[in-house]
Amino acid sequence: MIVNITNIISEAFRRTMTRLFRPFNLSKWLVFGLAVFTIFFSESNFGGNLTFPGKSFNTPKLSQAQTNNTKEIKKKLTYLLTSHEGTFIQRFQKITGQEIDPHTLKVITIVVVCVMAFVVIASFFYLILVNWLRARMEFILLDNLVHDATQVQWRFFAGRANSFLFNYLPVFLLFIITVIIIMILLTLTAFSWGVSCLRADTLVMPQATTFLLGVLLIMALVVLGIVFNFYQFIAFNILIPVMYHRDIKFKEALGIFMKLIRQNLAAFAKLWLMSIVISIAYAFIIMGAIMLLLAIFFLIMLVLPFFVFFLVFLIIPLMFGVALLYVPYYVFIRNLGPGLLARLDPELNIFEQNESLSS
């Protein structure tokens, strides 16, 4: 079936304007903002790699003393990492001139292991908590979009939200673990090349195997990210609307989706790619808004220096304010999937029957 993606986007934009601005309802924005705030924490997409074009900076010349210190540090680092003399701890003791008591070393090792274990366990429970909250809020957000309401029916969607969580979370955790493993391997590969440079006392080309392994790991990371992003798009924009509309569990919704994608793969792929373009464009808009907000705070602090002490108490409200900026985006994106479903199968139209869907 040939689906006009432009019509779906236009319809999603119309619904977004209707739900949020015609008329403007503050309580609706607060409910939607609460849902988006939860999704915000779950996705944790606050950072990014920013490239700032600008002038080249001249490297300041080092004095003779600074040059000698740099050479000495490099010599010690080369000895520590590349020498086969004794153990790593013994070489560390030799270059620092300090003896490390074996008992102290055991205590430090135990403390480090315990801290790492605590971080891993705490991170695991944190991921479970935020994804549990997100699963529930996704259904609440969709329900309010469908009925143009401001209800928080927390327990009503418990069964479907938990079904979604128990099936989505293993894939999410597997993705996180795989990314960590790839990053560790990539770090070890870079470390191996760095050691080779130290031994040669100059920047050398990595060995063919090291270079190939690094390229393959980076490609695997990119492919994994693309696949998981598509999975997330399908899970939150297709499976949840199907579960909501049919009142079914995750696996049943997945079965319906598999039947649809076999005949309409191009339509799903186009909508997914379009959502990425929209996400990038909106991210730049939000970045500009945040930069403007930071500039305003900076000017206020110049005039009222004591204002900085109040920023600590404003962190959560500011984050909620940023979430409110994302409300139109999430409302728009969450309308794309249902719009596609309505065109592929009119029985999956989750919106009011009197809404006209242009094909």
Side-chain angles (χ1 to χ4, degrees), residues 38 40-49 69-135 162 165-201 206-207 209-211 213-218 220-222 224-225 228 232 311-313 315-316 319:
T38 307
F40 225 59
F41 268 103
S42 175
E43 291 186 342
S44 301
N45 287 329
F46 300 106
N49 294 323
N69 288 336
T70 302
K71 290 181 178 179
E72 185 64 23
I73 293 173
K74 184 179 179 182
K75 181 180 178 181
K76 290 181 178 180
L77 187 61
T78 303
Y79 170 75
L80 179 65
L81 298 177
T82 65
S83 176
H84 298 289
E85 177 185 337
T87 64
F88 179 85
I89 298 298
Q90 290 171 339
R91 295 196 299 272
F92 179 78
Q93 291 175 343
K94 184 175 180 179
I95 64 176
T96 57
Q98 297 180 353
E99 293 290 333
I100 301 179
D101 181 61
H103 176 70
T104 303
L105 183 60
K106 288 182 180 179
V107 172
I108 293 175
T109 303
I110 293 173
V111 170
V112 170
V113 170
C114 290
V115 170
M116 292 179 63
F118 172 78
V119 170
V120 170
I121 295 173
S123 300
F124 176 75
F125 282 105
Y126 169 78
L127 290 175
I128 292 178
L129 176 62
V130 295
N131 279 282
W132 174 71
L133 290 172
R134 178 179 184 177
N162 291 338
L165 175 67
F166 294 145
N167 287 274
Y168 169 80
L169 191 60
V171 178
F172 178 77
L173 293 177
L174 180 62
F175 168 75
I176 296 295
I177 293 171
T178 306
V179 168
I180 291 174
I181 293 174
I182 293 176
M183 291 301 296
I184 291 174
L185 293 175
L186 198 58
T187 302
L188 292 176
T189 303
F191 178 78
S192 174
W193 175 53
V195 169
S196 300
C197 294
L198 286 174
R199 285 175 177 167
D201 197 25
Q207 296 180 356
T209 53
T210 303
F211 178 78
L213 179 60
V215 171
L216 289 176
L217 289 173
I218 293 174
L221 202 60
V222 172
L224 185 65
F228 184 71
Q232 279 194 310
L311 289 179
V312 178
F313 304 99
I315 291 177
I316 298 298
M319 293 181 67

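Bear in mind that the values here come from a model prediction, so they are computed numbers and not experimental data.
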Got a sec, which pairs hit salt bridge (charged side-chain N to carboxylate O under 4.0 Å, His left out) with one end in residues 109-135, sequence neighbours left out?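 Listed by first then second residue: Glu43-Arg134, Arg134-Glu138.
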Tell me which donor-acceptor pairs under 3.5 Å the side chains of residues 180-191 have, and how far apart each pair is, sequence neighbours excluded?
unit_1 : atom_1 : unit_2 : atom_2 : d
Thr187 : OG1    : Met183 : O      : 2.7
Thr189 : OG1    : Leu185 : O      : 2.8

Can you list, pair by pair, the side-chain donor-acceptor contacts under 3.5 Å of residues 110-125, counting residues two or more places apart and other chains?
unit_1 : atom_1 : unit_2 : atom_2 : d
Ser123 : OG     : Val119 : O      : 2.7

Determine whether Thr38 and Val130 make a side-chain contact, defined as any pair of heavy atoms from C-beta on separated by less than 4.5 Å.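 No - every pair of side-chain heavy atoms lies 4.5 Å or more apart.
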Between Leu127 and Asn131, which heavy-atom pair has the shortest distance, and what is it?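 Closest pair (atom of Leu127, atom of Asn131, distance): O-ND2, 2.7 Å.
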Rounded to the nearest 0.5 Å, how far does [atom2] of [Y] lie from [atom1] of [X]?
{"X": "Ile176", "Y": "Phe228", "atom1": "CD1", "atom2": "CZ", "result": "6.5 Å"}
{"X": "Tyr168", "Y": "Gln232", "atom1": "OH", "atom2": "CD", "result": "3.5 Å"}
{"X": "Leu169", "Y": "Leu173", "atom1": "CG", "atom2": "CG", "result": "4.0 Å"}

Just jot down the side-chain contact (heavy atoms from CB on, under 4.5 Å) partners of Phe166, sequence neighbours excluded, or say none.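 For Phe166 the side-chain contact (heavy atoms from CB on, under 4.5 Å) partners, ignoring immediate neighbours, are Asn162.
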Scan residues 171-180 for pairs that pass side chain to side chain donor-acceptor pair (under 3.5 Å), counting only residues two or more places apart or in two chains.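 Every pair satisfying side chain to side chain donor-acceptor pair (under 3.5 Å) with a residue in residues 171-180: there are none.
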